[in-house]
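Residue numbers start from 1 in every chain, and the chains themselves are labelled A, B, ... in the order their sequence lines are given, proteins ahead of strands. All heavy atoms count here, side chains included; hydrogens, waters and symmetry mates do not. Everything numeric in this text was worked out from a predicted model, so none of it was measured.
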2 protein chains.
Amino acid sequence: MFVTIVFVPARSSHPVSRRDRPAKPPLTREGITAVAVGLLRAEGLDRVTMRRLARELDTGPASLYVYFDNMAELHGAVLDRLLARVDLRPGALAGGWRARLIELLAAYTELLYAHPSLARSVLTLRPSGPNYMRLADTVLVLLRTGGVPAGQAAWGMNLLLHVATATAAEHGTRRESASAGVAEEEPWREVSAGEYPGIAWASGELFTGGVQRLRWAFDVLIAGIAVTGITPRPPP
Amino acid sequence: MFVTIVFVPARSSHPVSRRDRPAKPPLTREGITAVAVGLLRAEGLDRVTMRRLARELDTGPASLYVYFDNMAELHGAVLDRLLARVDLRPGALAGGWRARLIELLAAYTELLYAHPSLARSVLTLRPSGPNYMRLADTVLVLLRTGGVPAGQAAWGMNLLLHVATATAAEHGTRRESASAGVAEEEPWREVSAGEYPGIAWASGELFTGGVQRLRWAFDVLIAGIAVTGITPRPPP
DNA sequence: ACCTGAACACCGTTCAAGT
DNA sequence: ACCTGAACACCGTTCAAGT
């Protein structure tokens, strides 16, 4: 469904036939992002490099810098395109404000779980695409519905999305480097109560929880956000 | 203060004099980590590459793989060496358990703030060096002192350190790409209440807080952890 | 056993020179 | 204006061949 635009050299008096070149879609921000998302789904973010993406688009890497200042910006566009598939409006969710909020955050986290390296990139991004802003807005609306004051809601929204992103970055990577899992737990399981009393005390629950742990984290955050006032700014 | 060990070829009957080669410390896990920390402090983690580090040690990159399986492991060793400078014992802190816990977490975060790219690396690492385990242990001991049940403390410790690490990774990077700061806020400040009612409602506090925000986040987490029970595991 | 040169298979970004 | 080849200055990791 691409419009093919073929460059016609000035010295030629008739258009180049379609046969002479394979159809090549014109470069646009959206087109590049779409191809990047395809590459992400097919091979993971590690392969969504400027060079590889350029090859996929049948051009040189320099061409992409016409549309994106750098790779971080490209990743931001990729995130927003992925978010377009999630219905982020408060009305799309069921239950009370708290249940809907957790549902929403879980949907966002699930999206990033599938692409942990994107989550790692997003963590340092301050996304500002329309779909991310819809997500942030919905979180804020739900917190307001729950009677949370604006200041706590503002800081809390950032904290909630931050934890969601960071958890996806952390968890997902672990899954990527799969086999090491048990070996990583070992130094924590073998400690003596004399040397590490706290670890020995808590060791039974140190590696439990799995996915439920994330929902617990959201519960913790929402409970804390609702009751913890932000530091009042100094009066003017 | 390095011991110089010079390889003596079998065909030579007398030792090679020190003059023939510049003093070159022997490679050890600790020695490599020490040089890596020096490089980190001098030029940032971006320059602590296997190749650069090898050049600094006057050898080839392949030599480092005798001591570290990969770069992530090297970063883990670097983190633990940095943590050695912080006194992580519960007795080293003043005040009630809550104040001491926040103090401890702030010290850890401060350490990582100075090296945001290290924080980004640590986020996907599950560190297990002795100093990190001391930190984790102290967090657990303080939570126990506060009467938090073991399960909540175990999950809570992870969540607290996770937020600290992620915040350092996020914040630090922002500071690195300094000038973009104001431009990033723009799309959030200009929203209409019609399109993004939540953002418009909370916009006054969206970018406030600075460093106090992190302490607020720890307050939120501790408050939430103390009152939120973990999901009971299914009975056997 | 410990160490390493060279190779493999790549990177992001810039810039001068296209059309 | 839009696009790009080539160059700049690098990467992590592996492996065969040292000593």
Open item on the list: Within the supplied structure, the quantity of interest is the number of heavy atoms (other residues, nucleotides, ligands) at a distance under 6.0 Å from A:Arg47 CZ; does it exceed 12?
Closed with: no
Open item on the list: Return a single string for nucleotides 5-15 of chain C, one symbol per nucleotide in 5' to 3' order, where B is base contact, S is sugar-phosphate-only contact and - is none, cutoff 4.0 angstrom on heavy atoms.
Closed with: B-B---BBBBB
- [ ] Run the salt-bridge test on B:Glu43 and B:Arg52 with the 4.0 Å N-O cut-off and return the result as yes or no.
- [x] yes
TODO: Using the P atom on both, measure D:dC3 against D:dA7 and round to a whole Å.
DONE: 23 Å
Open item on the list: Tell me if a side-chain donor or acceptor on A:Arg213 pairs with a main-chain N or O of A:Thr208 at a distance below 3.5 Å.
Closed with: yes
TODO: Pick the C1' atom in D:dC8 and in C:dC10, then give their distance to the nearest Å.
DONE: 15 Å
Open item on the list: Are there runs of at least three consecutive Watson-Crick or G-U pairs touching DNA chain D, with each pair's two distances under 3.5 angstrom? Give them by first number.
Closed with: C:4-8 with D:12-16, C:12-16 with D:4-8
Open item on the list: Given 3.5 Å as the limit, does a donor-acceptor pair link the side chain of B:Trp188 with the main chain of B:Ser203, or not?
Closed with: no
TODO: Using the C1' atom on both, measure C:dG18 against C:dT14 and round to a whole Å.
DONE: 16 Å
Open item on the list: I'd like to know if the side chain of A:Thr165 reaches the main chain of A:Leu123, judged simply by a donor and an acceptor atom lying under 3.5 Å from each other, with no hydrogens or angles considered.
Closed with: no
Open item on the list: Could you check whether A:Arg51 pairs with A:Glu56 (Lys NZ or Arg NE/NH1/NH2 to Asp/Glu carboxylate O, under 4.0 Å)?
Closed with: no
Open item on the list: Closer than 3.5 angstrom, by distance alone: can the side chain of B:Thr109 be matched with the main-chain N or O of B:Leu105 as a donor-acceptor pair?
Closed with: yes
Task: Donor-acceptor contact present, side-chain A:Asn131 to main-chain A:Arg81, <3.5 Å - done: no
